[in-house]
Amino acid sequence: MALIRERLTHMLQRAVQDLLRDSGISNEQDLRVELEIPKISDHGDYATNAAMVLTKPLRRNPREIAQAIIDRMEGRHELLASVEIAGPGFINFFIRPEAWADVVRDIHAKADAYGLQDLGGGKRFQVEFVSANPTGPLHIGHGRGAAIGDVLANILRACGYQVDKEYYINDAGKQMQTLGRSLYLRYLEALGVPIDFPDDHYRGDYMKDLAREVVGQMGDRYKDTPEDEALPFFTKYAGDHILDGIRQDLEAFGVRHDVWFSEQSLHDAGEVQKTIEALEQAGYIYEEDGAKWFRSTAFGDEKDRVVVRANGLTTYFAADLAYHKNKFERDYDTVIDVWGADHHGYVARMSAGIQALGRKASDLRIILVQLVNLLRGGKPVAMSTRAGEFVTLREVVDEVGKDAARFIFLTRRSDSPLDFDLEVAKMQSNDNPVYYVQYAHARLCSVFQVAREKGVPCSWSVPPDLSPLTHPKELELMKLLGEYPQVVAASALQLEPHRIPYYLNELVSCFHSYYNQNRILGEEEATTQARLYLAAAVRTVIRNALGLLGVDAPEKM
RNA sequence: GCGCCCGUAGCUCAGCUGGAUAGAGCGUCGGACUUCGAAUCCGCAGGCCGCAGGUUCGAAUCCUGCCGGGCGUACCA
């Protein structure tokens, strides 16, 4: 049973195509025919700009065109109560009220699968996100990236893409040496050896904790070992344990990556060298001042970039090129990178890189996540990684909760900076948008609980008669429920997870309003049955949408 | 200097890749619980969509130039 929007879209498209063909016009590609829900209910349940868009190719008055389109919409009387031509040439469609019930039956039939669809055709996507250096705990900025990447992947999966979530571990290079040495020094310090701790080492308290841990396990075994011999142990220990902590923090935040990819493994397998050779063969490498340069300007970058320094060492960018080459060799159709916006300067060169390696620019999509300003009571909280003064993601999750933190991160466009005030997040807990949504779910569960206690039937093998659903709020609810798949699809195509929380808010707001005006239980039996059936559909959609967001849908709160 | 992002209600932000009279939450003020959960609902107030041009039937949305804020501009990782 096709949904309202689909049926209407289909009908409209056929009419437009017929009209174009009859006018002797070949298929126009870039016709922006849209079917939207007007802001004002007087403008119909749906409206289209089709006639206005056709003004140019047809060279006719939009209102005339509108009438021609309507005349060509076959079978419209089954679905439409009326059609109007309005304003500059909008066509406003008024759906027969009883048709909306199809949406509710459809939701019951699909249940958990309502909202799932096949846009991707099984195409393989990879979403790489967080990828924080394993040199310290995750902070709140990582949390935002984690929420966005995780949910984006969920949404894409819901749309029929085959998606892997990946974390790139920067476990190579000088920083790891520095990390190991930081731990080594803290270790000695914990054993009472006087040390001089350099400014450019990792100063955070977590290193002291880790050092105490080593002392607990190893005692003074490395106290008299020469630094050169001791360092490999400390480097590995620090890297492993910090990464482990990151994994646990992500877990507590509801994020689980499918693949943890080591940068070091690229070096070990010689892939960095191979990548440079591949670029050389493609003619994009030249030498200058003793270094090897990648000609990224050939693809619109501002300047060329060094891949091998004069001292013979490869740059981080070279490893990143190898990494992306590797991604595509793993047969991903599209690769999505979620980066902090402070890395935006790297977009052009990375795009150049994959193009030089033979991929289309559109095969790599980079989402820039703006920074998070952490506040406490309106005042900025100092965030310095070097000095070790920062609030970790874990602390935030412990303080405000996983659900609230995720929801706050997701209820903003990623390219908009975000103020995250801990005090406000806690103080507001009752007015927090996430509780607003969760409350609706709990409320619905409660209604069903009461219904069961009263012996009112509330599970159906056959849909009840839905004709009692005539209240304006009921029609509005059904209309909104019917839009859910469309919202998920748009969210996937635009890579914009924030649309889901906004939709949820709208749906839930409508439900709360409805609930306050009407009783579900205790009405005449047919009415109660129809309303319960609708309520169950609302609950399903809330639960499905929250599921995409990785936010719990509690039955009680 | 150059590049990217952002300027929408007092505050925080949406505005669906050009549509009709620009929305929501918070905050202010005033209302609604003997009845399914008041963590809710209803109402009032609040705007030259940063400024100025341009594109067209139509601009918060697209283009150009300014103003203001953030970030970035390594043979660092």
Side-chain angles (χ1 to χ4, degrees), chain A residues 32 34 36-40 42-43 47 49 52-53 55-56 61-62 86-90 92 133 135 170 172-176 178 263 288-293 302-303 305-317 319-320 340-348 368 370-371 373 408 411-413 415-419 421 424 428-433 435-436 438-440 442-451 453-454 456 483 486-487 490-491 493-494 496 498-499 501-503 505-506 508-509 511-523 528 531-532 535 556-557:
Chain A
R32 295 277 171 85
E34 284 170 7
E36 59 165 17
I37 295 184
K39 281 174 274 189
I40 298 161
D42 286 351
H43 294 152
N49 63 347
M52 290 177 290
V53 172
T55 314
K56 239 185 321 172
N61 177 321
F90 287 102
N92 297 338
N133 292 345
T135 55
N170 297 121
K174 204 177 75 187
Q175 59 171 359
M176 291 310 287
T178 306
E263 178 191 354
E288 193 174 294
D289 299 332
K292 286 191 180 181
W293 297 73
E302 290 177 335
K303 51 171 290 201
R305 309 290 172 177
V306 171
V307 287
V308 183
R309 293 189 269 161
N311 64 10
L313 295 177
T314 53
T315 59
Y316 176 85
F317 176 56
D320 229 350
D342 53 338
H343 289 78
H344 70 251
Y346 295 78
V347 172
L368 296 173
Q370 282 291 340
L371 302 181
N373 301 312
I408 288 171
T411 312
R412 265 168 195 84
R413 258 174 35 201
D415 56 4
S416 172
L418 165 63
D419 288 340
D421 192 316
V424 172
Q428 270 190 340
S429 62
N430 286 352
D431 299 314
N432 194 306
Y435 296 121
Y436 183 71
Q438 288 180 321
Y439 179 67
R443 210 179 207 188
L444 280 158
C445 290
S446 175
V447 171
F448 284 97
Q449 181 60 34
V450 173
E453 282 164 11
K454 290 185 172 173
V456 179
E483 285 301 299
Q486 188 76 10
V487 172
S491 190
L493 293 172
Q494 307 294 324
E496 290 180 345
H498 74 274
R499 293 175 187 232
Y502 276 94
Y503 168 79
N505 190 65
E506 195 181 354
V508 160
S509 164
F511 167 71
H512 280 311
S513 172
Y514 169 63
Y515 184 90
N516 273 275
Q517 287 176 50
N518 302 86
R519 290 192 58 80
I520 295 172
L521 301 175
E523 297 289 311
T528 286
R531 288 182 175 176
L532 271 174
K556 287 180 182 167
M557 45 193 296

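Below, each value reflects all heavy atoms present in this structure, side chains not excepted, and no hydrogens, waters or symmetry copies. In the text below, chain A, chain B and the rest are named by the order of the sequence lines, each starting its count at 1.
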Under 3.5 Å, which protein N or O atoms sit close to an N or O of nucleotides 72-74 of chain B? Give each pair with its distance.
none

B:A14 base stacked by A:Y502 (centroids within less than 5.5 Å, tilt under 30°): no

Separation of atom CD in A:E496 from atom P in B:C13, rounded to whole Å: 17 Å

B:G7 to B:U61 separation - C1' atoms, rounded to the nearest Å: 14 Å

Rounded P spacing from B:A9 to B:A14 in Å: 13 Å

Side chain proximity check, A:Q494 to A:R499, heavy atoms < 4.5 angstrom: yes

Flag side-chain contact, heavy atom, 4.5 Å: A:S491 against A:Y503: no

Rounded distance in Å - CZ (A:R413) to C1' (B:C6): 8 Å

Given B:A20, B:U17, B:U40, the nucleotide with the shortest approach to the side chain of A:Y436: B:U40

Gap in Å between the two P atoms, one belonging to B:G65 and one to B:C4, rounded: 10 Å

A:Q175 and A:N133, any side-chain heavy atoms less than 4.5 Å apart: yes

B:A77 versus B:U12 - spacing of their C1' atoms, nearest Å: 35 Å

Candidate nucleotides B:U21, B:C16, B:C41, ranked by approach to the side chain of A:I40 - the nearest: B:U21

ring centroid sep under 5.5 Å plus plane angle under 30, A:H498 with B:A14: no

Distance, P atom - from B:A24 to B:G46, rounded to whole angstrom: 14 Å

Length of the CD-C1' vector between A:Q517 and B:U35, whole Å: 17 Å

Length of the CG-P vector between A:D42 and B:G19, whole Å: 20 Å

Interatomic distance at P, B:U56 relative to B:C51, whole Å: 23 Å

Side chain of A:V447 - closest among B:A39, B:U40, B:C36: B:C36

Donor-acceptor pair between A:N170 and A:Y316 side chains, under 3.5 angstrom: yes

B:G50 and B:A45, which share atom name P, separated by this distance in whole Å: 24 Å

P atoms of B:G30 and B:C71, separation to the nearest Å: 42 Å

Test log, rule side-chain contact (heavy atoms from CB on, under 4.5 Å), inputs A:L313 and A:V308: CA-CA 6 Å; A:L313 295 177; A:V308 183; over 6 Å; no

Between C1' of B:C26 and CG of A:D421, the distance in whole Å: 13 Å

Nucleotide of B:U17, B:C41, B:C13 approaching A:H512 most closely (side-chain heavy atoms): B:C41

Shortest side-chain distance from A:T315, nucleotide among B:A22, B:A77, B:C36: B:A77

Nucleotide of B:G19, B:A14, B:G37 approaching A:R412 most closely (side-chain heavy atoms): B:A14

Nucleotide of B:A39, B:C36, B:A38 approaching A:R443 most closely (side-chain heavy atoms): B:A38

Given B:A20, B:C75, B:C16, the nucleotide with the shortest approach to the side chain of A:F90: B:A20

A:M52 side chain reached by A:P88 side chain, heavy atoms, under 4.5 Å: yes

Test item: A:V450 and A:L521 side chains (from C-beta on) under 4.5 Å apart, heavy atoms: yes

Per A:W293 side chain, nearest of listed nucleotides B:G37, B:G15, B:C75: B:C75

A:A310, nearest nucleotide to its side chain (from B:C75, B:G37, B:C16): B:C75

